[in-house]
Protein chains: 2
Amino acid sequence: MTSPSPENPAVPSLDALIARSKPRFRTATEFVEFTLRDGILSGAIPGGTPLRQEELAQQFGVSRMPVREALRQLESQALIDFTPHKGAVVTSISAADASDLFAVRMALEPAALRLSLPHLTQADLLRATDAIHDMDQERDLARMGDLNRRFHMTLYAQANSPRLLALVEQHMAVFDRYLRFELSALGWDHLKQDDHHALLDACAARDITTAEAVLIRHLATADQALREFFACRQDVREDSR
Amino acid sequence: MTSPSPENPAVPSLDALIARSKPRFRTATEFVEFTLRDGILSGAIPGGTPLRQEELAQQFGVSRMPVREALRQLESQALIDFTPHKGAVVTSISAADASDLFAVRMALEPAALRLSLPHLTQADLLRATDAIHDMDQERDLARMGDLNRRFHMTLYAQANSPRLLALVEQHMAVFDRYLRFELSALGWDHLKQDDHHALLDACAARDITTAEAVLIRHLATADQALREFFACRQDVREDSR
DNA sequence: ATGTGGTGAATTGGATCCAATCTTACAAAG
DNA sequence: CTTTGTAAGATTGGATCCAATTCACCACAT
């Protein structure tokens, strides 16, 4: 493991994540997998970091076996590259990868919204409103990611398609790796709450055409912002080494 | 492991799959994971089958560890349900699950096609044509699935979005679990080659609107056929036990 | 007869050990 | 000086062993 990113106070250290989430799991494999994913998504473990099994086992206080099982699962989620006899490396982030990710989100999320919108309840809309308001006052990066995900997932929740929803949630989680760059680029405050309100209004009016248009524009804006950010500041490539 | 489905000659036995694919991998984990997935997707291991680690280890001629790692990866791909201290069970198939799968495919594949179509080369179109012609004479179920996947993936190949393409290919592979039911429902011959030709023509003409409409109809038809098939013959539920 | 508690086997989770492979450094030959 | 071969260390892959949990069965009490 390399540095726990002490230069960026918004990124928690991996050790902090380990201490915080240790008692929440019954099996060591679950614990290691969840915490490693959290570390990668939050930026505590930057792209390019080689993940040595022995080292991780010591940090987590377990043997190498649960570490290996956790690495296998992270590999299936495309968060690490696993090469036989060479080990695991955290996948790198880049403008190209971000656009790739947005291509998936722009395929999945409008579909989920279209399926869900006719069945959205008043309670769903209220929960989405709450999420927006909570975001207004949130200053913590990880929690902001959770709230953003909660807002969107609430709108998709009635889609009645478990696979689709799981994919949507998974790829929104991967987006968390880019969230702090988007916030750097667009600023914390205004963010894109305009889009969120417009999307919510269109959903309340059951206007699928407008809702989809807003959602697509919302995602395209974020994609564009990240592209420009990476183009301007290639020095801030998050890959260590 | 339960019966190797001797009642259905179209489904190969797991032992046959093991013998055929043993020497193709460098690590035992890869070998077990690939072969188990093949077994699940081809129907050799039906939904609901409990997967005992010790038993699989003996069948594959390895120890329990590579089996466990393989099961972890299959769990990440939603092919098995893994419960701590209880073990793994192959996920069941159903009309609802098929529709769920088609919801994902109808979200992903039109998006991939839209991204890929402008960059399709003449060589791509020729390869797609070849795949269609090969399908006309194919009688083997597994190979038919491969050809169908090859035809579609060829049309999406220029999408320049690795994540999107990986998801498309993965979910087309999962569809193989339902392919033999669709063939039972619609018959082997005409299948839906009409759709394939129409889709190919629209792609050759760079007509994205028509191509997308054909593709969506193609998928919707298959979804509908499977729904009716499962509704009529609930007795043929593929789950053992 | 039914519900309850406990005991045993069966199965998985995890740790330790050994084998196979890769990497690095160094030395020797060209 | 470059290149190639080799050997030592590091790291992962796999096997075996032990611990923890679950489940099924049966005795026992109500």
*asked:* Between B:E69 and B:R72 (salt bridge meaning N to carboxylate O under 4.0 Å), is one present in this structure?
replied: no
_With a sphere of 6.0 Å drawn around CG of A:N160, does it hold more than 12 non-hydrogen atoms of other residues, nucleotides or ligands?_
no
_Holding to ring-ring contact (aromatic ring centres under 6.0 Å, His included), I want the full list of residues that pass it with A:F102, two or more places apart in sequence or in another chain._
A:F175
*Pick one: which of A:E33, A:E30, A:R37 meets side chain to side chain donor-acceptor pair (under 3.5 Å) with A:Q73?*
A:E33
*asked:* Return a single string for nucleotides 7-20 of chain C, one symbol per nucleotide in 5' to 3' order, where B is base contact, S is sugar-phosphate-only contact and - is none, cutoff 4.0 angstrom on heavy atoms.
replied: ----SBBBBB----
_Salt-bridge present (A:D130, A:R127; N to O < 4.0 Å)_ = no
